[in-house]
**Student:** 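My questions will all concern the structure given below.
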Amino acid sequence: MALRLYNTLTRRKEDFVPIKDGEVGIYACGVTVYDTCHIGHARSAINFDVITRYLRYRGYRVNYVKNFTDVDDKIIARANREGVEFRKISERYIAEHDRDMGQLGVEPPDVTPRATEHIPGMIGLIDRLIGNGLAYAVPGGDVYFSVKNFRGYGKLSGRNLDEMMSGARIAPGEKKKDPLDFALWKASKEGEPWWDSPWGKGRPGWHIECSVMSTHFLGETFDIHGGGEDLIFPHHENEIAQSEGASGKPFAKYWLHNGFIKVNHEKMSKSLGNFITIRDILKIHHPEVVRFFVLQGHYRSPLDFSEEALNEARFAMNRLYEALKKIRDLVPAGTAPAVGEAPLPEKERELLARVRDLPERFREAMDDDFNTARALGYLFEVVRQVNALVTGGPEASPPALFVLGEAERVLRETGGVLGILTEDPNVYFEKDRIREAQKRGLQIDEIEALIGERLRARKEKDWKRADEIRDGLAAKGVVLKDSRTGTVWTVEKPVQG
RNA sequence: GGCGGCAUAGCCAAGUGGCCAAGGCAGCGGUCUGCAAAACCGUUAUUCACCGGUUCGAAUCCGGUUGCCGCCUCCA
């Protein structure tokens, strides 16, 4: 079975055929580092993280490049506002970005180039475009790309030049020959950072950096180019024009674009001011809960953010970890009896077959344009097998333990590709309790003291006192679960509930 | 105005031509439990916005209608 992915360029799902057998080059547009990252950035990063993890899981050697735009108008504006050098701003937010993404469990890309490290490459590319008659310098030192001279402009975003003409306009002060043309190089104004160039002191336009960095690390033609869907036009369209205009070769083979996170049915964005930062969301949710929230929808679909949606993701993750905990309680790490395929009782044999089936079904879902939502559904089916095995009958039998060990293995294996189920379940729930208690201002010692008192009351069959304590805790959202091995607690009610 | 996308149960969300329409949350009945919670078993859309068409057969393809969203300006 082939991996199929939706290519924005052709508007179809296509079989993925890498340029070099067994190898994949991916370039994803990163962030402009002028502010703290929000969960829209998190979505994009998590999606491409899972894509690269899955490609590796499938046996490809992946080279994943994600850039930082570390010089642009907004960074300069912020630096001026704070009265510092622009690098101070970019360094600060690169560090923040790396920390936020690290906490989300996003594996660092293989290469994370910065625009300012590739100025000579940009100058070289612009020079080449001028030589090819696709770019021109104007008095004053700006250089523009001549859109009309590049055949095929609009093929990614599905528009033609006439349509675009109607909306295009020349901003005051610009000297371009045609409203559609875009800046490759901007002459620097007073107080702006600059680099020497054949056209005078200036700085790069936005699009040129990605053409240079992607091809520098991945070659003139590479496999996958990605980013948020808002980048399709003009950014990616312009990248194609610059890159193909210079090399005369196809640029990226497959274009992948992720959908947006919305708040109240509106796009989450800086300009609307309706964004939630990664740091804030991680104060109230486990990183894997955030990942689950993102991955429960398809990467191309819009995703509505809400506190309820995050809470549902938390419940779902709890259910997954609950299953791992049950296994761990019965089968401490590495102690599953090695009964192998030996004549298992029918029930266990059946369950084993279904458990072992998970990686294949997971792969079938992920092969279909990285359908993580469907893949997660399959994980829950194994959870149900586990629960059934633990609940029904003499669960301590070696065959049952063996099946449980296998279930843990496949859950960890597939979860690992998604970047979830990476924790020890006890650690996960401990963190969950601490975080939830903190959110509500509850004292953990107090809760545990009350549970201790209730245990003594139960021993004396003082049900009235025991229930009183339990109800009192329940009123605060603390739910107790009694079992043979003791009483555990979780916080279940919503904050304002 | 131009281009594109989406509309599946109370909510979230898979499914894109043919076995009973995944999965999560919520609900209901039962088992378990001192009583609960959790878990398990059973149950909850004869139907996929609406109208027409193609087909032996459509949630899935085609046309239209309605509603929502995105891009066309910086934006993941």
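Computed from a predicted model, the values in this text were never measured in an experiment. These values consider heavy atoms only, across backbone and side chains, with no hydrogens, waters or symmetry-generated copies. A, B, ... follow the sequence lines: proteins, then strands. Residue 1 opens every chain.
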**Student:** What is the distance from CD of A/Glu237 to P of B/C71, rounded to the nearest Å?
**Tutor:** 16 Å
**Student:** Rounded to whole angstrom units, what separation is found between the CD1 atom of A/Ile278 and the P atom of B/A76?
**Tutor:** 11 Å
**Student:** Under 6.0 Å between the ring centres of A/Tyr378 and A/Phe362?
**Tutor:** no
**Student:** With rounding to whole Å, what would you report as the distance between B/A7 and B/U44 at their P atoms?
**Tutor:** 25 Å
**Student:** Once you apply a heavy-atom cut-off of 4.0 Å, does A/Gly259 come out as touching a base, just sugar-phosphate, or nothing?
**Tutor:** base
**Student:** Could you measure between the two P atoms, the one in B/G24 and the one in B/G57, and give it in whole Å?
**Tutor:** 35 Å
**Student:** Mind calculating the distance between CD (A/Glu288) and C1' (B/G24) to the nearest angstrom?
**Tutor:** 17 Å
**Student:** Nearest nucleotide by nearest heavy atom, which residue falls closer to the 5' end of RNA chain B, A/Lys262 or A/His41?
**Tutor:** A/Lys262
**Student:** By the 4.0 Å heavy-atom rule, please label A/Phe260 as base, sugar-phosphate, or nothing.
**Tutor:** base
**Student:** When all nucleic acid strands are considered with a 4.0 Å heavy-atom cut-off, which category describes A/Ile261: base, sugar-phosphate, or nothing?
**Tutor:** base
**Student:** Which atom pair, heavy atoms only, marks the closest approach of A/Ile75 to A/Val71?
**Tutor:** CD1-N, 3.6 Å
**Student:** Expressed as a whole number of Å, how far does the C1' atom of B/G29 sit from that of B/A21?
**Tutor:** 24 Å
**Student:** Name the pairing partner of B/C6, where a pair is Watson-Crick or G-U wobble with both distances under 3.5 Å, or state none.
**Tutor:** B/G67
**Student:** Classify the ring geometry between A/Trp255 and A/His257 as parallel (under 30°), tilted (30 to 60°) or perpendicular (over 60°).
**Tutor:** parallel
**Student:** State whether A/Lys186 and A/Glu192 are salt-bridged, where the test is any N-O pair (Lys NZ or Arg NE/NH1/NH2 against Asp/Glu carboxylate O) under 4.0 Å.
**Tutor:** no
**Student:** For nucleotides B/G67 and B/G23, find the distance between their C1' atoms and express it as a whole number of Å.
**Tutor:** 28 Å
**Student:** Could you give the CH2-to-C1' distance, from A/Trp255 to B/G4, as a whole number of Å?
**Tutor:** 17 Å
**Student:** Say you draw a straight line from CG of A/Leu421 to OG1 of A/Thr414; how long is it, rounded to the nearest 0.5 Å?
**Tutor:** 7.5 Å
**Student:** Write down the distance separating the C1' atoms in B/C6 and B/C50, rounded off to the nearest Å.
**Tutor:** 16 Å
**Student:** Over 60° means perpendicular and under 30° means parallel, so classify the ring planes of A/Tyr254 and A/Phe16, tilted if in between.
**Tutor:** tilted
**Student:** Would you indicate what A/Gly40 reaches in the nucleic acid, counting non-hydrogen atoms under 4.0 angstrom: base, sugar-phosphate, or nothing?
**Tutor:** base
**Student:** Considering only B/C74, B/C72, B/A76, which nucleotide approaches the side chain of A/Arg159 most closely?
**Tutor:** B/C72
**Student:** Tell which nucleotide pairs with B/C48, taking only Watson-Crick or G-U wobble pairs whose two distances are both under 3.5 angstrom.
**Tutor:** none
**Student:** Counting only Watson-Crick pairs (N1-N3 plus N6-O4 or O6-N4) and G-U wobbles (N1-O2, O6-N3), all under 3.5 Å, who is the partner of B/A13?
**Tutor:** none
**Student:** Under a 4.0 Å heavy-atom cut-off, which of residues 98-106 of chain A touch RNA chain B?
**Tutor:** none
**Student:** Let me have a per-nucleotide readout for nucleotides 25-38 of chain B, 5' to 3', with B, S or -, counting only protein heavy atoms under 4.0 Å.
**Tutor:** S--------BBBBS
**Student:** Taking the C1' atom in each of B/U16 and B/C48, what is the distance between them to the nearest angstrom?
**Tutor:** 12 Å
**Student:** Quick one: look up who B/C40 pairs with, Watson-Crick or G-U, both distances under 3.5 Å, and put none if it's unpaired.
**Tutor:** B/G30
**Student:** Phosphate oxygens OP1/OP2 of B/C40: is one of them under 4.0 Å from a side-chain N or O of A/Asn387?
**Tutor:** yes
**Student:** Tell me the interatomic distance from A/Lys270, atom NZ, to B/A76, atom C1', rounded to whole angstroms.
**Tutor:** 10 Å
**Student:** Counting only Watson-Crick pairs (N1-N3 plus N6-O4 or O6-N4) and G-U wobbles (N1-O2, O6-N3), all under 3.5 Å, who is the partner of B/U60?
**Tutor:** none
**Student:** Quick one: does A/Lys476's side chain get under 4.5 Å of A/Val491's, heavy atoms only?
**Tutor:** no
**Student:** Rounded to the nearest angstrom, tell me the gap between atom CG in A/Asp329 and atom C1' in B/A39.
**Tutor:** 13 Å
**Student:** Apply the test ring pair (Phe, Tyr, Trp, His ring centres under 6.0 Å) to residues A/Phe182 and A/Phe145: give CA-CA distance (whole Å), side-chain angles for both, the deciding distance (0.1 Å), then the verdict.
**Tutor:** CA-CA 5 Å; A/Phe182 58 90; A/Phe145 186 91; 5.1 Å; yes
**Student:** Quick one: CD on A/Gln296 to CZ on A/Arg291, what's the gap to the nearest 0.5 Å?
**Tutor:** 14.0 Å
**Student:** How is A/Glu229 classified with respect to the nucleic acid when contacts are heavy atoms under 4.0 Å: base, sugar-phosphate, or nothing?
**Tutor:** sugar-phosphate
**Student:** Would you please classify the geometry between the A/His207 ring and the A/His235 ring as parallel, tilted or perpendicular, with 30° and 60° separating the classes?
**Tutor:** tilted
**Student:** Hey, what do you get for CD (A/Glu229) to NZ (A/Lys267), rounding to the nearest 0.5 Å?
**Tutor:** 8.0 Å
**Student:** Does the distance from a Lys or Arg side-chain N to an Asp or Glu carboxylate O, for A/Glu308 and A/Arg314, drop under 4.0 Å?
**Tutor:** no
**Student:** Using the C1' atom as the point on both nucleotides, what is the distance between B/U73 and B/C68, in whole Å?
**Tutor:** 23 Å
**Student:** Touch check for A/His38, heavy atoms < 4.0 angstrom, all strands: base, sugar-phosphate only, or nothing?
**Tutor:** base
**Student:** For atom C1', what is the distance between B/C20 and B/G63, given to the nearest Å?
**Tutor:** 32 Å
**Student:** Can you work out whether A/Ala309 or A/Asp368 has the more 5'-proximal nearest nucleotide on RNA chain B?
**Tutor:** A/Ala309
**Student:** For A/Phe48 and B/A76, give me the distance from atom CZ to atom C1', rounded to whole Å.
**Tutor:** 9 Å
**Student:** Write down the distance between CG (A/Asn371) and C1' (B/A14), rounded to a whole number of angstrom.
**Tutor:** 6 Å
